[in-house]
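Here is the structure we will look at, set down as structure tokens.
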Amino acid sequence: MTYTPKIFTLQAFLFCFLVFASAAMAQDGTIHPLETPAEPRAILLGTGGVDNQPAPETWFRQWGDPMARNISTATLTPFLPEPGKANGAAVIVAPGGGFSWLSMGNEGWEVAEALAKQGIAAFVLKYRLNPTPESLEDFTEWMNRPRNPAPAPSAGSAPSTPAPRPPQRDLSNQLQDAEAAYAMIISRAEEWGVDTDRIGMIGFSAGAGLTMHSTLHSKTMNLAFIGPIYGGMGPVEVPKNAPPMFNVIATDDFLFLGQTGVIESWYKAGIPVEFHLYQNGGHGFGLGNPNRTSNRWFDAFIYWLEVNKFLAEK
């Protein structure tokens, strides 16, 4: 398209898996410099900056997709349905990237455009990130540095056995950005044609972690539904007011590891949950890659929203 302090307790292990994956990503996709694109519709969220961030926001391209890093100013970009097509539902879209970069095209703008075509007001959240090396050369070297692989499940272990978790990760900035995005949509709901009872959030990879973290820890967001897409699968403590969940992952995703703990947690809590475990798709497939069974997840998501009456106009 032309587009001229809380602590991370739930999916803490997600980050370690993500940074391991970034090594494989860097090996398979050459990183190219990209001029910072104009974002004329982006709205500042006013949530502040990032401590110890000396580098400016910069962009790069990998596998043809635009990515942003060193983001220290959070924004929200609306993608609204065409006049007469809006159904009142709204979705905050959180791209992924290990909290060190954001896949703005593959997991942001493209998803938001697809949602808007379905009559859903979509809002891409460009949230603040952890600092990475300032130069592209140093960043590429950092991406390619040796890492230890994620541990595989031990033989005979139950699929739902949680993997070892690294130290807790601070997602205060990211949660504040998500809360500010939600508050802005509420405050401008009439202008944007949004039913405030039908605001959901979907996220990809680290964005799925932020979606889940917001669900578990936010005191101000009242999400109607959530869609963690290829996020961490470990079990969680489900809040009493948790929203229905639509969850997607592929068996060849390094985050899967045979676990379905988060699904079981939702089910045992009596909260509606739909889970799609696809034969293949890998990690980071966005709306889909050629010849993968996971390519139909978006259609299933829209149908799930429809059946649960999130798309029904009041």
Can you list, pair by pair, the side-chain donor-acceptor contacts under 3.5 Å of residues 238-250, counting residues two or more places apart and other chains?
none

Under 4.5 Å between side-chain heavy atoms, hopping through other hydrophobics if needed: is there a path connecting Phe275 to Tyr278?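 Looking at the clustering, Tyr278 is in the same group as Phe275.
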
Look at the side-chain heavy atoms of Ile, Leu, Val, Met, Phe, Trp and Tyr, link any pair under 4.5 Å apart, and say whether Ile186 and Val91 land in one connected group.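 Yes.
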
What are the two closest non-hydrogen atoms of [X] and [Y], and how far apart are they?
X	Y	result
Ser205	Gly96	CB-CA, 4.4 Å
Gly227	Thr211	N-CG2, 4.4 Å
Ile31	Leu136	CG2-CD1, 3.6 Å
Pro133	Asp138	CB-CB, 3.5 Å
Gln259	Met233	O-CB, 3.5 Å
Asp51	Pro131	O-CG, 4.4 Å

Run the side chain to side chain contact (heavy atoms under 4.5 Å, CB included) test on Ile185 and Leu76 for me, step by step, so that the C-alpha distance in whole Å, both residues' side-chain angles and the decisive distance to 0.1 Å come before the verdict. CA-CA 9 Å; Ile185 295 170; Leu76 190 69; 4.1 Å; yes

Do [X] side-chain atoms and [Y] backbone N/O form a donor-acceptor pair below 3.5 Å?
X	Y	answer
Asp177	Leu45	no
Asn289	Gly281	no
Arg198	Phe310	yes
Lys85	Lys117	yes
Asn295	Gly288	no
Asn87	Gln118	yes
Asp170	Ser172	yes

Quiz question: by atom type and distance under 3.5 Å, do the side chains of [X] and [Y] form a donor-acceptor pair?
X	Y	result
Gln53	Ser72	no
Thr132	Asn70	yes
Arg292	Gln279	no

Taking the six-membered ring of Phe139 (Phe, Tyr or Trp), confirm whether the NZ or CZ of Arg69 is under 6.0 Å from its centre and within 45° of its axis.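 Ring-cation test returns yes.
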
Salt bridge check: are Lys126 and Glu57 linked by an N-O gap of less than 4.0 Å?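 Salt bridge: yes.
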
Side-chain touch Phe99/Leu171, heavy atoms, less than 4.5 angstrom: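 Yes; the side chains approach each other to less than 4.5 Å.
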
Can you label the angle between the Phe285 ring and the Tyr230 ring as parallel, tilted or perpendicular, going by 30° and 60°?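 Taking Tyr230 first and then Phe285, their aromatic rings stand perpendicular (interplane angle over 60°).
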
Can you label the angle between the Phe301 ring and the Phe298 ring as parallel, tilted or perpendicular, going by 30° and 60°?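 Ring orientation, 0 to 90° scale: tilted.
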
Run the side chain to side chain contact (heavy atoms under 4.5 Å, CB included) test on Ile92 and Ile202 for me, step by step, so that the C-alpha distance in whole Å, both residues' side-chain angles and the decisive distance to 0.1 Å come before the verdict. CA-CA 6 Å; Ile92 299 169; Ile202 66 173; over 6 Å; no

Test side chain to side chain contact (heavy atoms under 4.5 Å, CB included) on Thr47 and Asn173; report intermediate values, then the result. CA-CA 8 Å; Thr47 49; Asn173 285 348; over 6 Å; no

Under 6.0 Å between ring centres, would you say that holds for Phe254 and His283?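 Yes.
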
Could you tell me whether Phe123 and Phe79 have their ring centroids closer than 6.0 angstrom?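 Aromatic pair excluded; centres sit 6.0 Å or further apart.
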
Does a sphere of radius 6.0 Å around OH in Tyr267 hold more than 12 heavy atoms from other residues, nucleotides or ligands, not counting ones at 6.0 Å or beyond?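 Result for OH/Tyr267: open.
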
Neighbour count above 12 (heavy atom, 6.0 Å) for Glu191 CD: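 It does: Glu191 CD has more than 12 such atoms within range.
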
With rounding to the nearest 0.5 angstrom, report the OH to CG distance, Tyr182 to Asn222.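 Rounded to the nearest 0.5 Å, the OH-CG separation comes out at 4.5 Å.
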
Would you compute the distance between atom OG1 of Thr251 and atom CZ of Phe256 and round it to the nearest 0.5 angstrom?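 Spacing of OG1 (Thr251) from CZ (Phe256) equals 7.0 Å.
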
If the condition is side-chain contact (heavy atoms from CB on, under 4.5 Å), which residues does Ile43 pass it with, not counting sequence neighbours?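 Pro78, Met184, Arg188, Trp192.
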
Verdict with reasoning, Thr260 to Leu277, per side chain to side chain contact (heavy atoms under 4.5 Å, CB included): CA-CA 10 Å; Thr260 56; Leu277 177 61; 5.6 Å; no

